[in-house]
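This report refers to the structure that appears directly beneath it.
Nothing here was measured: the structure is a model prediction, and the numbers come from that model.
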Amino acid sequence: MRRILRTVLEEAGFEVLEAENGREALLQLDQAPGVGLVVTDWEMPEMDGISLLRNLRDHPDYRTLPVVMVTQETRAARIREALQAGATEYIMKPFTRETLLEKLATLGCTAHPRASSRVLVVDDSVIVRRVLQERIDEDARLELTGLATDGAQALELIAADRPDIVVLDVEMPGMNGLDTLRELRTRAPDLPVVMFSVLTERGAQATLEALSLGAVDYITKPSGTGDPDEVRRRIDEELLGKLRAILDERDRRPAPPIASRAPLMAPDPRLVVVGASTGGPEVLRTMLAPLPDIFPAPIVVAQHMPPVFTLHFAKRLARQVGLEVHEGADGMALEAGQVIIAPGGKDTTVVARDGGFVLKVEPGQGKGPKPSADHLFRSAAEAAGETTLGIVLTGMGRDGMLGAAAIAAARGRVLVQDRQSSVVSSMPRAVIESGVAERELAPVQLADALLEITARTTETQT
C-alpha cells in the first residue's frame, strides 16, 4: 500500500517520505520540518493511526497539519473516532487515484507533476525492447527517448537526444555493452547507466567489469529472453524501481550532515559486518583496498547480489585488495584479516563458538534481499556484542536499519556511508534517521577508520 500511495503521490508531483508505523512517522517529522501532509493507515504495529493523530494534535507544531486516513475500516463509529481524534479527511480502501487526489485538492494539497525522466534502451533482443517500451510508456515518471540495438547506435542517440539514464545490454553484436560503457565514460561521464545482463557466469563477470567501469547498477534477465512474461516480471519487480531510485537520488537536495553521535566506549571490534546494495561493489573496493592483511578482525559483507554473482564478486575483490577474500560457506570459521562475501540467494549469519566466530549459511526465508544485512547484523550483535562494528553502505531500501539498531543496543558501533557519495542513499539514510549512526563518512574516510583500528591493535600487541 505504501508503494501504491507513493507512486500516485510522486506522479502528482509530491515529494514523499515513508514510515512503517506512527512512531517512525513522528521521528520522520522531527527530522524533516516542512512536511505539509500526512497520509496514514489505521492499523499499524507499535503506534497505530489513531495514536499518531492524537500525538500530532497534542503537539503545537502539528495541530493544523492535514492528516488523511486511508484505511479499510468502514464502521461509522470508527470513522467518527478517527475524525474526533483529528483526521482531516477519511478515505476507505479500495480507492482510486482520482479519489485520493480530489480529496487532497479540497485540502489545498496540490503539487506540480515532475517532468518525465528520459530513458534510452540499448538491447539487441526484440522481446526485451518491446517489453521495456511498453512498461516505460505506462510509467508517468519515465519517457522513452529511444531504442538502440547496439552500442554504436546508442552513442549516436545519446549525442542527439541526451537521455537522463541508459539501460544497457552487456552482450550485443558489433559494439557490446562494455565497449559502449568505456566510450560513454569519456563522452558523458555523469550519465547513469544500468546494465541488463544474463544470470550466467559469463554475465556475472561482464557485469562486475561494467560496475568497475562506472555503471551504477544492474539487473539480471532470463537466459535467452524468449519468455515475454518472465522478462516483464523482471522489469516490473527490479528494473523500474531501480531507475526511479537512481533518478530520484540525482534530484534530491543535498543532505545536511548528521550530528555525529558520541562514540561509544566500546573496545576495538572483533567482528566487522557490512551491508550494501546499489553502488556497493566499488565502495567496498575503495574501503578495503588500503587495509593490510594483518587487519585484526574478520569482515563479513552482505552485498545484495544473486547467486553466481557473489562468487565472482569475491574472486574479483580478492584481486583488488590485500586481504584474503572468499564467498561464505556454512560452517566456515572466521579469521582475522578475512573478507567473507555472503552468498547470493541465502541468509548468512554469525554464531559465537570456542572463543571465535563461525558462519551459518541457510536457504533464504521470506521476502526481502538475500543476503540480508539485517539478518547478518542481528546475529553479529548477539555473537560479538559490544565488539561488533556495523557499516551500512550505499543502497536502495532499508535493509540494515533494524540490524544496526540491534548492534547499537548491544553497545557496538555503527558507521554509515555519507549520503552525498552514495549512488542511492536509502540504506544509510534509514540508519541515520533511526538515530543509531555514530558517524557518516565517505568511502575513503571509512577506510581511514578501519586503518585506525588496525594501528591501535598493532600498538596494543607490541
Could you tell me which residues satisfy side-chain hydrogen bond (donor to acceptor under 3.5 Å, both in side chains) with [X], sequence neighbours excluded, listed by chain and number?
{"X": "D347", "answer": "none"}
{"X": "D164", "answer": "none"}
{"X": "T186", "answer": "none"}

Enter the distance from [X]:[atom1] to [Y]:[atom2] here, rounded to the nearest 0.5 Å.
{"X": "D418", "Y": "Q445", "atom1": "CG", "atom2": "CD", "answer": "7.0 Å"}
{"X": "R244", "Y": "I165", "atom1": "CZ", "atom2": "CD1", "answer": "11.5 Å"}
{"X": "L389", "Y": "I407", "atom1": "CG", "atom2": "CD1", "answer": "7.5 Å"}
{"X": "T278", "Y": "E249", "atom1": "OG1", "atom2": "CD", "answer": "10.0 Å"}
{"X": "R129", "Y": "T149", "atom1": "CZ", "atom2": "OG1", "answer": "6.0 Å"}
{"X": "L142", "Y": "D137", "atom1": "CG", "atom2": "CG", "answer": "10.0 Å"}

I'd like to know if the side chain of [X] reaches the main chain of [Y], judged simply by a donor and an acceptor atom lying under 3.5 Å from each other, with no hydrogens or angles considered.
{"X": "T348", "Y": "V361", "value": "no"}
{"X": "R413", "Y": "E438", "value": "no"}
{"X": "R97", "Y": "L5", "value": "no"}
{"X": "Q153", "Y": "A148", "value": "no"}
{"X": "D161", "Y": "P163", "value": "no"}
{"X": "R185", "Y": "A188", "value": "yes"}

Original post:
For residues 306-323, which residue pairs qualify under salt bridge (charged side-chain N to carboxylate O under 4.0 Å, His left out), counting only residues two or more places apart or in two chains?
Top reply: E209-R316

Original post:
Quick one: salt bridge (charged side-chain N to carboxylate O under 4.0 Å, His left out) pairs with a partner in residues 324-339, sequence neighbours left out?
Top reply: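 For residues 324-339, and leaving out neighbouring residues, there are no salt bridge (charged side-chain N to carboxylate O under 4.0 Å, His left out) pairs at all.
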
Find out whether [X] and [Y] are in side-chain contact, i.e. whether some heavy atom of one side chain is under 4.5 Å from a heavy atom of the other.
{"X": "D399", "Y": "S372", "result": "yes"}
{"X": "L393", "Y": "L446", "result": "yes"}
{"X": "R130", "Y": "V231", "result": "no"}
{"X": "L157", "Y": "T145", "result": "no"}
{"X": "V414", "Y": "F377", "result": "no"}
{"X": "S125", "Y": "D169", "result": "no"}
{"X": "L37", "Y": "V68", "result": "yes"}
{"X": "E282", "Y": "V423", "result": "no"}

Measure across [X] and [Y] and return the closest heavy-atom pair with its distance rounded to 0.1 Å.
{"X": "L291", "Y": "M287", "result": "CG-O, 4.0 Å"}
{"X": "G241", "Y": "M396", "result": "O-SD, 3.8 Å"}
{"X": "L65", "Y": "V35", "result": "CD1-O, 3.4 Å"}
{"X": "R285", "Y": "L317", "result": "CA-CD1, 4.0 Å"}
{"X": "N176", "Y": "V170", "result": "CB-O, 3.6 Å"}
{"X": "T388", "Y": "P269", "result": "C-CB, 4.5 Å"}

Would you call [X] and [Y] a salt bridge, taking side-chain N to carboxylate O under 4.0 Å as the test?
{"X": "R141", "Y": "D248", "answer": "yes"}
{"X": "R234", "Y": "E230", "answer": "yes"}
{"X": "E18", "Y": "R398", "answer": "no"}
{"X": "R233", "Y": "D236", "answer": "no"}

**OP:** Check I391, L323, I340 against I299 for a side-chain contact (heavy atoms from CB on, under 4.5 Å) and give me the one that passes.
**Re:**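 That would be L323.
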
Subject >> V121/I136 under side-chain contact (heavy atoms from CB on, under 4.5 Å): CA gap, chis, key distance, verdict >> reply: CA-CA 10 Å; V121 173; I136 290 172; 4.0 Å; yes

Subject >> Residue pair R378, D374: steps toward the side-chain contact (heavy atoms from CB on, under 4.5 Å) verdict >> reply: CA-CA 6 Å; R378 284 192 188 110; D374 278 331; 4.0 Å; yes

**OP:** List in chain and number order the residues that pass side-chain contact (heavy atoms from CB on, under 4.5 Å) with T40, two or more places apart in sequence or in another chain; answer none if no residue qualifies.
**Re:**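 Testing T40 for side-chain contact (heavy atoms from CB on, under 4.5 Å), a comparison that skips the adjacent residues, returns V38, M44, L52, V67, M69.
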
Original post:
Should we count CD of E362 as having more than 12 external heavy atoms under 6.0 Å?
Top reply: yes

Original post:
Does NZ in K346 sit with more than 12 non-hydrogen atoms of other residues, nucleotides or ligands closer than 6.0 Å?
Top reply: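 No, not enclosed.
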
**OP:** Show your reasoning for whether side-chain contact (heavy atoms from CB on, under 4.5 Å) applies to L213 and R182.
**Re:** CA-CA 7 Å; L213 290 171; R182 289 187 185 95; 3.8 Å; yes

Original post:
Are side-chain N/O atoms of S379 and T349 paired as donor and acceptor at under 3.5 Å?
Top reply: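 Not at all, the side chains of S379 and T349 share no donor-acceptor pair under 3.5 Å.
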
Original post:
Just checking, any donor-acceptor pair under 3.5 angstrom between side chains of S425 and R419?
Top reply: no

Original post:
What class does the angle between the rings of F309 and Y218 fall in, given that below 30° is parallel, 30 to 60° is tilted and above 60° is perpendicular?
Top reply: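 Geometry flag for Y218 against F309: parallel rings.
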
Subject >> Worked verdict on R187 versus I158 for side-chain contact (heavy atoms from CB on, under 4.5 Å) >> reply: CA-CA 10 Å; R187 300 189 188 189; I158 289 167; over 6 Å; no

